[in-house]
Amino acid sequence: MNLKTDSVITGSVKERIDRWVARYPDDQKQSAVMASLRIVQETQGGHLTPDLMDQIADYLEMPPAAVYEVATFYSNYEHQPVGKHKVCVCNSISCMLRGSEEIIEHLENRFDIKPGEVSKDGRFSIKKVECLGACGGAPMMQVGKTYYENLTESSVDEILDGLE
Ligand code: FES
């Protein structure tokens, strides 16, 4: 092992990752890469750094490039700091046709930030994402694990005002 910093894959993080690793044959530990990225992201302040991804690669005995590939392909992995509440607005076709651009603009004005940035108080960040599979409720957004559908500017405000 040749890590740049102390390993974060210890204690409960290691236990959680090991539970995923145990689901696969011994020579296919790398199948746990998505879960490992999620667990490390959740427990290390909400975004992944090259060092964290290297640690996962090392732990799962896979090339770092393969970990980076997964971590950059899926929009649920973050590579920049995020707010306490990550507001992900779908900007794929159904949502776009039903006003997602206006919702995003409303959020930009509300927080005085652009997608990819964090509000000054650290509470919110905005992200444009691809289809989240709730096209029937377009336009929609995801905050944490919750989907909010058929959004209007006022329903967005109501939802955000209700968050801690
Ligand atoms: S297009 Fe937005 S959820 Fe599918």
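In what follows, every heavy atom counts, from backbone to side chain, and hydrogens, waters and symmetry copies are set aside. One-based numbering, in listed order, for ligands and for the atoms of each.
- Not a single N/O/S atom of Cys135, whether from backbone or side chain, sits less than 2.8 Å from atom 2 (Fe) of ligand 1.
- For the pair Phe124/Leu107, no side-chain contact is recorded, criterion being any heavy-atom separation below 4.5 Å from C-beta on.
- The CE atom of Met140 lies 12.0 Å from the CG atom of Asn91; values are rounded to the nearest 0.5 Å.
- Set against the non-hydrogen atoms of Gly133, the atoms of ligand 1 under 4.0 Å away are 3 (S).
- A donor-acceptor pair shorter than 3.5 Å can be found between the side chains of Asp121 and Ser119.
- Against a heavy-atom cut-off of under 4.0 Å, Leu132 is close to the following atoms of ligand 1: 3 (S).
- Which parts of ligand 1 touch Cys131 is read off a 4.0 Å heavy-atom cut-off, strictly below it: atoms 1 (S), 3 (S), 4 (Fe).
- Close approach of ligand 1 to Ser94 (heavy-atom distance below 4.0 Å) involves ligand atoms 1 (S).
- Contact atoms of ligand 1 toward Cys90: 1 (S), 2 (Fe), 3 (S) (distance under 4.0 Å to a heavy atom of the residue).
- The distance from atom CD of Gln44 to atom CG of Leu52, rounded to the nearest 0.5 Å, is 5.5 Å.
- Using a 4.5 Å heavy-atom threshold, the side chains of Asp51 and Val8 count as separate.
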